[in-house]
Amino acid sequence: MPAINVLANVFTTIDNTESRRKSECIIMPTSKLSGEVLSTLKKDGYIEDFEYFDDKRGGKFKVKLLAKISKCGSISPRFKVKKNEYASWEQQYLPSYSRGMLLVTTNEGVMSHHDALNKGIGGLLIGYVY
């Protein structure tokens, strides 16, 4: 059985559900990292809310969408990014300077590249959303 990239599955499920104009989706299996990604998306206003259910088989998230996401995806391989390199990655993954965010995992947890830039820290790129 092939290994499942849980994070890529989160972004793919959200992207597909948004393109079908549905208001909620179920994401399974889950991971601690995917939970942190969802809370970052919620904090930045891309999703309304999410709820975790433990089904004893890896768990699942029920996500309520706001129809605000045009495109999202995981970045693989996870590139290291220094605190002064965000602009070049923005040009590569985001449609314009003021639109969207890169998701970065840092030693302070998962955050948007805007927060990481304000705190002056680098990390690993894990996804993008706009």
Side-chain angles (χ1 to χ4, degrees):
M1 192 172 141
I4 296 172
N5 183 342
V6 178
L7 200 58
N9 188 42
V10 168
F11 287 117
T12 305
T13 305
I14 290 175
D15 202 30
N16 289 341
T17 308
E18 284 276 18
S19 64
R20 290 188 187 97
R21 292 179 168 54
K22 301 266 189 254
S23 62
E24 58 184 44
C25 62
I26 303 287
I27 297 172
M28 51 191 267
T30 64
S31 68
K32 194 175 164 188
L33 181 64
S34 58
E36 288 187 45
V37 165
L38 288 172
S39 46
T40 304
L41 291 176
K42 180 182 173 183
K43 183 175 80 72
D44 285 276
Y46 286 97
I47 62 174
E48 187 181 328
D49 203 6
F50 68 96
E51 205 176 341
Y52 176 75
F53 297 103
D54 187 8
D55 60 359
K56 306 287 187 250
R57 294 186 322 218
K60 54 175 86 166
F61 286 115
K62 185 177 183 182
V63 182
K64 285 194 175 132
L65 302 170
L66 291 168
K68 285 192 173 177
I69 297 174
S70 307
K71 186 94 181 99
C72 64
S74 69
I75 297 173
S76 180
R78 295 178 181 166
F79 297 105
K80 279 184 183 155
V81 61
K82 294 188 177 97
K83 61 183 180 224
N84 56 358
E85 296 176 337
Y86 288 112
S88 63
W89 291 102
E90 270 183 83
Q91 288 172 353
Q92 191 169 339
Y93 287 104
L94 301 179
S96 71
Y97 179 72
S98 59
R99 202 163 158 236
M101 70 177 182
L102 299 170
L103 287 145
V104 187
T105 180
T106 67
N107 54 7
E108 294 181 23
V110 175
M111 59 182 74
S112 72
H113 76 284
H114 303 293
D115 293 344
L117 204 56
N118 291 340
K119 292 182 178 183
I121 51 179
L124 291 174
L125 288 179
I126 56 172
Y128 63 91
V129 60
Y130 57 87

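We count residues from 1, following the sequence as given.
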When the ring planes of F50 and F61 are compared, do they come out parallel, tilted or perpendicular, using 30° and 60° as the limits?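 The arrangement is perpendicular - the two ring planes meet at more than 60°.
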Looking at [Y], is its backbone amide N or carbonyl O close enough to the side chain of [X] to form a donor-acceptor pair, meaning the two atoms are under 3.5 Å apart?
X    : Y    : answer
S34  : T30  : no
N9   : M28  : yes
D54  : K56  : yes
E85  : K82  : yes
H113 : Y86  : no
E36  : V110 : yes

Given side chains that start at C-beta, do those of [X] and [Y] come closer than 4.5 Å, heavy atoms only?
X    : Y    : answer
I47  : K64  : no
I14  : L38  : yes
L117 : K83  : no
L41  : L103 : yes
L65  : E48  : no
D49  : K42  : yes
I126 : V104 : no
V63  : E24  : no

Can you check side chain to side chain donor-acceptor pair (under 3.5 Å) on R78 and T105, steps first, answer last? CA-CA 10 Å; R78 295 178 181 166; T105 180; over 6 Å; no
Cationic N near anionic O, under 4.0 Å, K119 to E108: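 A salt bridge links K119 with E108.
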Do the side chains of K43 and D115 get close enough for a salt bridge, i.e. N-O under 4.0 angstrom?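 Salt bridge: yes.
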Intermediate values then yes/no, side-chain contact (heavy atoms from CB on, under 4.5 Å), K62 and F53: CA-CA 8 Å; K62 185 177 183 182; F53 297 103; 3.6 Å; yes
So among L125, T106, L124, I75, which one has a side chain to side chain contact (heavy atoms under 4.5 Å, CB included) with V81?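 Among the candidates, only L125 passes.
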